[in-house]
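Just so it is clear: chains get the letters A, B, ... in the order the sequence lines come, proteins before strands, and each one is counted from 1. It should be emphasised that the depicted structure is a prediction, and the values quoted were computed from it without experimental measurement.
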Amino acid sequence: MSRVIEDRLNQLQQLKALGIEPFPSVTFPTTHTTKEILEQWEKNPEAFNKVALAGRLMVKRVMGKASFGVLQDSWGRIQLYFNRDILCPGEDKTLYNTVFKKLIAHGDIIGVEGRVFKTKTGEITIEVQRFVLLAKALRPLPMPKEKDGKVWDAFTDPEQRYRRRYVDLIVNPHVREIFRKRAKIIQTIRNFLIQQGFLEVETPILQPIYGGANAKPFVTYHNALGMRLYLRIANELYLKRLIVGGYDAVFEFAKDFRNEGIDKYHNPEFTQLEFYVAYKDYRWMMDFIERLLEYTAKAVVGTTSVTFQNQTIDFKRPWKRVSFYESIQLYTGLDAYSADEATLRRYLEEQAIEVPAYASKGVMLDLLFSKKVEPHLIQPTIVYDYPVEMSPLAKQKVDDPTLTERFEVICSGKELCNAFSELNDPIEQRKRFEAQLQLRRLGDEEAMVMDEDFIQALEFGMPPTAGLGLGIDRLTMLLTDSPSIQEVLFFPQMRPKQKADEESELSRVIGEEAVVAQLEAIGIRRVEDLLAIEPSVLQEKLQHRNIVVDLNQIRDWIRFAKRHLAT
RNA sequence: GACCCGGUAGCUCAGCUGGUAGAGCAGUGGCCUUUUAAGCCAAAGGUCCUGGGUUCGAAUCCCAGCCGGGUCACCA
């Protein structure tokens, strides 16, 4: 590797010797993109006798006094033709023989000017009359080659692709396309909502009390306030406060954070759209989400029907609708509505589904549904009327208080949306939170916690409201036929490549390696040691080693250390 | 978290019945003025993930660890 970089550094020096700056401070005005040329040249070749475009040189094939290259810009690739006597009409052939042939390499970013023509073999090509180096590449790119749809030496190792996504984006054009579609999905939904009169809002990511979903949070610490904060697991409770505040319809594309495992459907941070509409209910919301997703699919892929992992999924409305208990009846034959806890537990155990000891009826129904029903629901399906036990923020049905006005959209066997008529009765909401607290006491770490301020907000009166959460990452997977969430996130979470033990527990708490080294020198090697020493003594000892630290800083470390040990 | 698979040149991979480390592409030098996975000739390129162990000798066998992927578990 170092050899290749050495060669390139060498090229760098030689360029400078020729008076060519390898990283010039210039603009390069372009007249076209690769895509425009490829699409429009046939129709009107005369208009392409003088074009300028810039991009990365992806392929360089030198054939003596003429060469071919491939230029890649943001939109695609086009072939370049370099001819010695066109580039160097006079005696001096340095520009071609030395600069182009020796010093410009695969991966360099260049600007070219020239005329568009078609080669003998029928490929639209730019005859380069002038080129400039815009930025030198010191590292070599992987070089996949492609012919007739077959790819050789593809850059496929997921680890490398995700860790160095920029390389992935350079050499795998379809990856760039996925993220363009992701952007289009978000823009389409945003425009749709704005057109319907929604207000786009932003709510806190750092929350003193986390809520709105069943999940384990990330914990952090605010030094000045001296308090624990959580990264939000949802923004639901804040958006509903805004409905209390008098907005009719609000939405937020929210990054949420959940401290759980990572797999092909889960990343610690993910994007969820939530929106709330006053004076509507979940029936209205069913129609609305059908319209929204049908419209989005059409806008992004052109049709309502998409292919996802060899399944055809059609977002054309109306979608199938089935009640929660009917769906269970359908796939298990079980009358879960009438069944008591013991019956459910027995059934689950018979099906070899692990049931936690603390499992309430709600938890068991959830298990039953996700194991036995969800996997069968491939086409977008609205499952409605969820049991109250599993829906602590949803309004009960008037004619059956064991059920709530809640529905989920299941698609390709996975939850895509979750929606309900929002519970706006503060007294009932308090009871539901208390039931959650009880679950928590029994060992359900994902049960919700009490949010007094939210209840107080409801006490001021919230209109009847319909709300919905939509997993943007999952929707993107569906609409781009991506098999994992990592494929639709630019930078999915990865373990650091360095050996984990290179960074000690202590350095995770302290953060500054220089300080850690001195701490270790005075015998503080573990987080526990930090707690055992008096802050002022530590300050003095560090001072002897020429490290001046504020006493508050040391107290922060100790707080952090305590938190670290507690988790 | 459990199990399975993988980690060898910049990239894709072979070598894994232990005996001096291989190919294609990329890179380097040379030839070639419409090629396209360009071609031909030549030379070069490596902590075989890390650390231990077995052995005269380990990329190869054993143990531990790290990183990734897959399946399952938990979750959206």
Under 4.0 Å, heavy atoms only, any strand: does [X] hit a base, just the sugar-phosphate, or nothing?
| X | answer |
| --- | --- |
| A:Asn214 | sugar-phosphate |
| A:Tyr81 | base |
| A:Lys371 | sugar-phosphate |
| A:Leu138 | nothing |
| A:Met63 | base |
| A:Lys264 | sugar-phosphate |
| A:Asn267 | base |
| A:Val70 | nothing |
| A:Gln79 | base |
| A:Glu123 | base |
| A:Asp263 | base |

A:Arg232: salt bridge (charged side-chain N to carboxylate O under 4.0 Å, His left out) partners, not counting sequence neighbours |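 Salt bridge (charged side-chain N to carboxylate O under 4.0 Å, His left out) list for A:Arg232, sorted by chain: A:Glu252, A:Asp256.
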Base-pairing mate for B:G1 - Watson-Crick or G-U, with both contacts under 3.5 Å =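 Partner of B:G1: B:C72.
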Listed pairs under 3.5 Å, donor-acceptor, residues 9-16 of chain A side chains, sequence neighbours left out:
unit_1, atom_1, unit_2, atom_2, d
A:Gln11, OE1, A:Lys136, NZ, 2.7
A:Gln11, NE2, A:Lys102, O, 3.2

Could you check how far CD of A:Glu487 sits from C1' of B:G69, rounded to whole Å?
->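 One finds 12 Å between C1' of B:G69 and CD of A:Glu487, rounded.
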Are the ring of A:Phe270 and the base ring of B:A76 both nearer than 5.5 Å at their centres and tilted by less than 30°?
->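 A:Phe270 vs B:A76: stacking yes.
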Are any of the side-chain nitrogens in A:Glu274 or A:Lys240 under 4.0 Å away from the carboxylate oxygens of its partner?
->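 Looking at A:Glu274 and A:Lys240, the cut-off is not met.
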Pair of N/O donor and acceptor under 3.5 Å linking B:G24 base with A:Asp153 side chain =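 Answer yes: a donor N or O sits under 3.5 Å from an acceptor.
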